[in-house]
Structures are given as C-alpha cells and as structure tokens.
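Note that the numbering runs from 1 along the sequence shown for the chain.
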Amino acid sequence: MKRSLLLLSFLALLIITYSCSTGSGNEKKIIPINSVNDVLTNLQPLVQSFEIKFDEENLIKGKKGTAIYIPANAFQFADGSVPDENIVIELKECYSLSDMIAENLSTMSGDKILQTGGMINIKASSDGKELLVKDGKAIVIGFPKNNRKDTMDLFFDYQQPDGPNTWVPDYKIDELEKAKKDESENVSVTKQKAGAAVNPEGGDRTESDTISPEKRRALLEMEEDMYDYTLNCCFMSGNFLSMNLSGQNRTIVSYIDAYRDLNDSMLKQFSINDWRVHFGFNIDRQGKMFNFKPDDDNYTKYNEAAMKYAENILKNAPPFELSDLKDYFDHKKEFDYTQTYSLGMRGGREINKEKCKNKFREKYAQYKDKAIQKLDKTALDYYTFSATKLNWINCDKFWNTSEEKIEYVVKIKNAKEAKVQIIFNGINSIMNGTLKGDAFVFSNIPVNQNIKIVGISYSNGKPTMSSAIAKTDKKGYELNSFKEFSLDELETELNKSN
C-alpha cells in the first residue's frame with residue numbers, strides 16, 4: 001500500500017513538473033513595481049501559446065475571441081528553409097483600453113487617426129527559431145465584431161526609416177518594405193563606392209547616403225491600374241479661391257480638382273505626359289468664362305487635344321456667383337469685366353484604395369475561403385483578413401473628419417514619471433502623448449472632440465492614476481488629482497467607458 005501511494009505521489013510530481021515546463025504561458029507574472037513602466041508591464045495582456053503540426057491545417061482561438069486559421073506548411077525561416085518539427089504559435093490579444101495602454105499602442109497611420117476593432121500580436125517559432133509566413137501563402141485572422149456593423153481593414157505595424165512605428169494598410173506594406181530594402185541597399189552601395197568607413201557610433205547620414213524624395217516615390221509606385229487620374233488647378237490670376245460658382249458651394253479650383261472620369265483616357269495622358277495648359281479668358285456679365293486663348297508662357301506644355309479638352313471643361317463650368325465678382329477687389333470697386341484672367345490645370349493621380357485592397361486580397365482569397373469554411377456559422381461574427389505578416393496586426397478603419405487639426409497639450413506634474421493617453425469618445429481610438437518639458441503633446445488632433453484623458457504615474461511604491469473628460473481645443477488641459485490604485489483597481493478603472 002505504501003509503495004502504491006509512493007508511486008502515485010511520484011507520478012503526480014512528474015505530471016506537475018511536466019505541466020509547468022510545457023505550460024501555455026497564460027499565467028500572468030507580477031513583477032515588483034519600481035516605475036511607471038513596471039505598472040504598465042503588469043497590466044499587459046497574457047501571452048497564449050499553441051503547439052501545432054507544421055504540415056497540418058489548424059484553427060486556433062484566443063481567449064478574447066480572436067480566430068486564426070493556419071494552412072498546412074504555412075511558414076518558413078528567414079533564410080527560406082522550412083520547418084519539419086512542431087510549431088509554437090504565441091498570441092497576445094489587445095481589445096480593452098488597459099491592454100492598449102499597457103502595450104503603448106496607439107491608433108495612428110502616419111498623421112491619420114484610426115478607429116480600431118482590436119490589435120493582436122502573433123509570433124511563430126520552431127525549435128526556438130522565429131518563423132515568417134511563407135512567400136505566396138497567408139494565414140487568416142478573424143477579429144470578433146462584437147456587434148459592430150462598420151467596415152474594417154487590416155493594418156500591419158511598420159517601422160518608418162526615419163521615424164516612429166506606424167500602422168500601414170495590408171495592401172501597402174509590400175511596397176513600403178521594398179522601398180526600405182532598396183534604400184538600405186542603396187546606402188550600402190553608395191558607401192562602398194565612396195570607400196566610406198562605417199561609423200560604429202552612428203551619426204547623421206549624408207545626402208549621398210539617402211534616396212531622394214523623387215526616387216522614394218518611384219519605389220512606391222504601383223501598377224497603372226491602381227490609380228485614378230484627375231486634374232488639378234496649377235496656376236491662376238485673380239481671387240478664384242474665394243469666388244464661388246453660382247448655385248454651388250465651391251470654387252472653380254475645387255471644381256477642377258474634383259473633375260475625373262474613370263473611363264476617360266485623356267486624364268491619364270495628362271498625368272503621364274505631365275501636360276499643363278494655361279488659358280487667358282474674360283468673364284461676362286452673367287459670370288461665364290469666354291474668349292479663351294492659350295497663354296504663351298514657359299509653363300505650358302502644348303498639346304492641341306489637351307488644350308481643347310481643358311477648354312471644354314471651363315466652358316461647361318457653371319457661371320461665377322455675381323455677388324462674389326462684385327466683391328472681387330473690395331466692397332467699393334466694381335468687378336472689371338474687361339480684364340483678362342488666367343487659369344491653368346495639369347494632370348494628377350491618386351491611389352484608388354479599393355482597387356489596391358481588392359487586388360491584394362484576391363491573391364490570398366483561397367485561404368480566407370478555407371478559414372470561413374472552418375468557422376462555419378460563426379464566420380459572420382468576425383472581420384476576416386488574409387495576413388502575410390506576423391507580429392503586431394490591427395483591425396482598423398480610417399477616421400475621416402474635416403475638423404481643423406491642432407496640437408493638443410496636457411500639462412502634468414512630475415511628467416517624467418508618467419504616461420498620458422487620450423481616448424476619443426465613441427470611436428474607439430487612442431493616442432499616446434509625446435513628452436515635452438512638463439507636458440504631453442498630441443499632434444494632428446481634430447478640434448472640438450470629446451475625449452477622456454488618462455494619466456498613469458508611480459508614487460510611493462504604488463501605481464497612481466488620474467482621468468478627466470475634456471474637449472480638444474488650443475488651450476489644452478492640466479491633469480491633476482492622481483489617486484493610488486491596486487493593479488486590479490487600476491485595470492478596472494482604465495476600462496470604464498468614456
């Protein structure tokens with residue numbers, strides 16, 4: 001009997017030891033708090049681990065609802081070789097405010113604000129070595145919708161060559177990474193040709209080390225069918241920026257800028273050939289432009305078809321608002337109907353985001369279809385995307401607002417020992433402030449927005465926090481009244497709605 005009990009105890013010890021050494025990594029580790037960074041580290045979401053077979057398809061689900069479909073043989077090592085052993089998937093889910101603050105995440109793409117539907121970090125490894133998604137393959141990520149009805153897109157974390165990390169749409173990431181790689185190779189070749197020694201202590205790069213803005217733009221070029229072609233006003237005399245067209249709340253400049261026809265090859269030719277046309281013309285007493293004559297100047301790239309095309313646009317434009325014409329100089333002087341005025345236009349183009357998205361995503365549609373089959377009836381509960389990259393991934397959409405952008409400043413005592421974020425009310429968007437002196441500065445913030453300001457600090461060995469409801473304006477805000485919280489209380493407080 002004693003032997004049996006001893007054997008059972010030994011087996012139990014073995015099981016416990018094995019469980020600890022091969023656990024999922026979901027156990028939250030509390031570290032001693034000696035700084036505000038330690039506070040944030042303790043609030044970070046759990047890392048979840050999943051072990052899968054390299055040559056089988058898998059569907060794994062995170063504790064906060066993320067679904068990840070992984071096709072068979074989906075990964076490779078950095079050198080292009082493929083794993084032949086089991087693969088470990090590590091997942092970190094950030095859906096709550098405390099998750100995002102603890103991970104120092106923000107919802108910005110360049111200088112544009114995003115609305116987020118969740119952020120995750122996903123890593124893959126085999127035999128302790130990091131894996132990448134295999135070239136030409138994709139995994140599929142499902143972000144829980146949580147009853148949201150709006151359309152979302154997939155964004156990847158991207159380290160800018162000369163700036164901070166930002167979020168980049170999935171359909172642009174390949175072009176940007178190619179540009180970064182080509183620039184790096186260009187720097188290396190330039191230094192070799194110049195016989196330059198590498199400075200181990202760093203230092204500013206010389207002009208010859210970098211790619212010119214024109215070259216950088218060229219590296220980011222996309223296929224011609226990814227663009228919409230437009231016209232832009234490029235030269236004018238007179239105050240056409242403040243003279244509205246009759247019956248329209250816009251000027252002739254915005255009328256030209258908005259002119260486009262997706263089936264019109266002439267707009268494409270304007271852009272490709274860099275045609276620029278300048279006209280001299282008169283304005284009659286009904287506000288209509290007439291008597292068009294090409295301006296003979298160094299800026300005009302003459303093409304007869306282009307001139308006729310542009311002239312027809314101006315002839316068919318609505319007349320100017322007569323009251324605006326009379327106020328052209330000032331309120332005392334009549335508009336001069338005999339004067340000749342000038343206006344020019346040139347070709348332009350802009351990326352058609354929908355075309356880019358559709359072309360990129362069609363390439364990996366087969367993986368998304370398989371994932372939806374695996375999810376079955378629950379597929380409608382997810383935003384599903386094919387992902388070709390790992391690490392930080394975001395389910396977002398651009399927040400389009402026409403409000404004036406300002407620099408919003410939050411002042412705080414002991415700013416060096418604190419972190420400050422602002423959360424926009426109702427759009428699920430968060431921004432980190434940049435410490436400047438005794439204040440945190442937030443750039444490109446739309447004015448008159450309802451926000452929640454959250455400050456986290458460390459004092460007397462305990463985390464402290466202060467929050468306030470405010471509205472963005474040029475005066476900014478001074479955040480006071482920090483209170484002590486336990487970690488659990490702090491997490492609860494952070495996740496309270498605005």
Asks: Hey, is CG on Asn147 packed in by over 12 heavy atoms from elsewhere, all under 6.0 Å?
Replies: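 Incorrect, the count does not exceed 12.
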
Asks: Distance check, rounded to the nearest 0.5 Å: Met465 atom CE versus Glu491 atom CD?
Replies: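 CD of Glu491 is found 12.0 Å from CE of Met465.
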
Asks: Considering non-hydrogen atoms only, spot the tightest contact between Phe398 and Gln115 and give its length.
Replies: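 Looking at all heavy atoms of both residues, the shortest contact is O-NE2, 4.2 Å.
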
Asks: If you define the side chain from C-beta out and look only at heavy atoms, does anything of Glu103 sit under 4.5 Å from Gln44?
Replies: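 They are in side-chain contact.
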
Asks: Should the heavy atoms of other residues, nucleotides or ligands under 6.0 Å from NZ of Lys53 be counted, would the total exceed 12?
Replies: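 Not more than 12 within 6.0 Å, no.
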
Asks: I want to check something: taking the side chain as every heavy atom from C-beta on, are Leu105 and Trp392 in contact at a cut-off of under 4.5 Å?
Replies: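 SC-SC contact between Leu105 and Trp392 confirmed.
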
Asks: Work out which heavy atom in Gln76 is nearest to a heavy atom in Asp135; give both atom names and the distance.
Replies: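 Smallest interatomic distance, heavy atoms only, reads OE1-N, 3.5 Å.
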
Asks: For the CD atom of Gln159 and the CG atom of Asn165, what is their distance to the nearest 0.5 Å?
Replies: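 Those atoms lie 4.0 Å apart.
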
Asks: Ring-plane angle category for Tyr408 and Phe442, please: parallel below 30°, perpendicular beyond 60°, tilted otherwise.
Replies: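 Tilted: the ring planes of Tyr408 and Phe442 meet at 30° to 60°.
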
Asks: Would you check if the side chain of Thr166 reaches a backbone N or O of Gly110 as a donor-acceptor pair within less than 3.5 Å?
Replies: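 Here the side-chain-to-backbone pair exists.
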
Asks: Any side-chain heavy-atom pair from Asn391 and Lys389 closer than 4.5 angstrom?
Replies: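 Not touching, per the 4.5 Å side-chain cut-off.
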
Asks: Between Phe75 and Ile139, does the side-chain contact (heavy atoms from CB on, under 4.5 Å) criterion hold? Intermediate values first, please.
Replies: CA-CA 9 Å; Phe75 298 106; Ile139 64 173; 4.2 Å; yes

Asks: For the residue pair Asp396 / Tyr383, report whether a side-chain donor-acceptor contact shorter than 3.5 Å exists.
Replies: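 Looking only at side-chain atoms, Asp396 and Tyr383 do not form any donor-acceptor pair under 3.5 Å.
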
Asks: Could you tell me whether the side chain of Asn495 and the main chain of Leu97 form a donor-acceptor pair under 3.5 Å?
Replies: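 Yes; at least one donor-acceptor contact below 3.5 Å.
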
Asks: Do Asp488 and Ser486 have side-chain atoms, one donor and one acceptor, less than 3.5 Å apart?
Replies: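 The answer is no; no qualifying pair exists.
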
Asks: Are there over 12 heavy-atom neighbours, none belonging to Lys123, within less than 6.0 Å of that residue's NZ?
Replies: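 Atom NZ in Lys123 is not crowded, with 12 or fewer foreign heavy atoms closer than 6.0 Å.
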
Asks: Would you say the side-chain atoms of Glu321 and Asn244 include a donor-acceptor pair closer than 3.5 Å?
Replies: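 No - no donor-acceptor pair under 3.5 Å links their side chains.
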
Asks: Where do Gly117 and Arg148 come nearest, in terms of heavy atoms and distance?
Replies: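 In this case the closest contact between Gly117 and Arg148 is CA-NH1, 4.1 Å.
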
Asks: Walk me through it: do Leu43 and Ile101 pass the test side-chain contact (heavy atoms from CB on, under 4.5 Å)?
Replies: CA-CA 9 Å; Leu43 291 175; Ile101 289 176; 6.0 Å; no

Asks: Check the pair Leu267 / Thr230 against side-chain contact (heavy atoms from CB on, under 4.5 Å), numbers first and verdict last.
Replies: CA-CA 6 Å; Leu267 286 177; Thr230 65; over 6 Å; no

Asks: Can you give me the closest heavy-atom contact between Ala439 and Val409, atom names plus distance?
Replies: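 Scanning both residues, the minimum pair turns out to be CB-CG1, 3.6 Å.
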
Asks: Check whether any side-chain heavy atom of Phe54 lies under 4.5 Å from a side-chain heavy atom of Asn73, and answer yes or no.
Replies: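 Phe54 vs Asn73: side chains touch.
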
Asks: Measure from NZ or CZ of Lys64 to the centre of the six-membered ring of Tyr95 and say whether it is under 6.0 Å with the direction within 45° of the ring axis.
Replies: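 Not satisfied by the 6.0 Å and 45° rule.
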
Asks: So, taking the atom named NZ in Lys419 and the one named CD1 in Ile456, what distance separates them when rounded to the nearest 0.5 Å?
Replies: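 Going from NZ on Lys419 over to CD1 on Ile456, the span is 10.0 Å.
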
Asks: Would you call Asp381 and Lys145 a side-chain contact if the rule is heavy atoms closer than 4.5 Å?
Replies: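 Contact flag for Asp381/Lys145 side chains = no.
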
Asks: Would you check if Met119 and Thr107 make a side-chain contact, meaning some heavy-atom pair closer than 4.5 Å?
Replies: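 Contact flag for Met119/Thr107 side chains = yes.
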
Asks: Can you check whether Phe155 reaches Leu114 side chain to side chain, under 4.5 Å on heavy atoms?
Replies: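 Yes - at least one pair of side-chain heavy atoms lies under 4.5 Å apart.
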
Asks: Does CD in Glu130 sit with more than 12 non-hydrogen atoms of other residues, nucleotides or ligands closer than 6.0 Å?
Replies: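 Counting other residues, nucleotides and ligands, CD of Glu130 stays at 12 neighbours or fewer.
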
Asks: One pair to check against salt bridge (charged side-chain N to carboxylate O under 4.0 Å, His left out): Lys129 and Glu85. What are the steps and the verdict?
Replies: CA-CA 11 Å; Lys129 293 186 292 184; Glu85 297 182 9; over 6 Å; no

Asks: Could you tell me if the ring centre of Phe440 sits under 6.0 Å from that of Tyr477?
Replies: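 Judged by ring-centre distance (under 6.0 Å), Phe440 and Tyr477 do not meet the cut-off.
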
Asks: How long is the span from the CG atom in Leu132 to the OG1 atom in Thr388, to the nearest 0.5 Å?
Replies: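 Leu132 CG to Thr388 OG1: 11.0 Å, rounded to 0.5 Å.
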
Asks: Is a side-chain donor-acceptor pair under 3.5 Å present for Thr116 with Asn394?
Replies: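 Yes, because at least one side-chain N or O of Asn394 sits under 3.5 Å from a partner of the opposite role on Thr116.
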
Asks: Rounded at 0.5 Å granularity, tell me how far CD in Gln421 sits from CD1 in Ile453.
Replies: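 The CD1 atom of Ile453 is 11.5 Å from CD of Gln421, to the nearest 0.5 Å.
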
Asks: Does Val140 offer a backbone N or O that forms a donor-acceptor pair with the side chain of Ser386 under 3.5 Å?
Replies: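 Pair absent, no side-chain N/O of Ser386 close to backbone of Val140.
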
Asks: Tell me the closest heavy-atom pair linking Val420 and Gly455, and the distance in Å.
Replies: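 What the structure gives for the nearest pair is CG2-CA, 4.2 Å.
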
Asks: Heavy-atom distance under 4.5 Å between the side chains of Ile393 and Leu154, does that happen here?
Replies: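 Ile393 reaches Leu154 side chain to side chain.
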
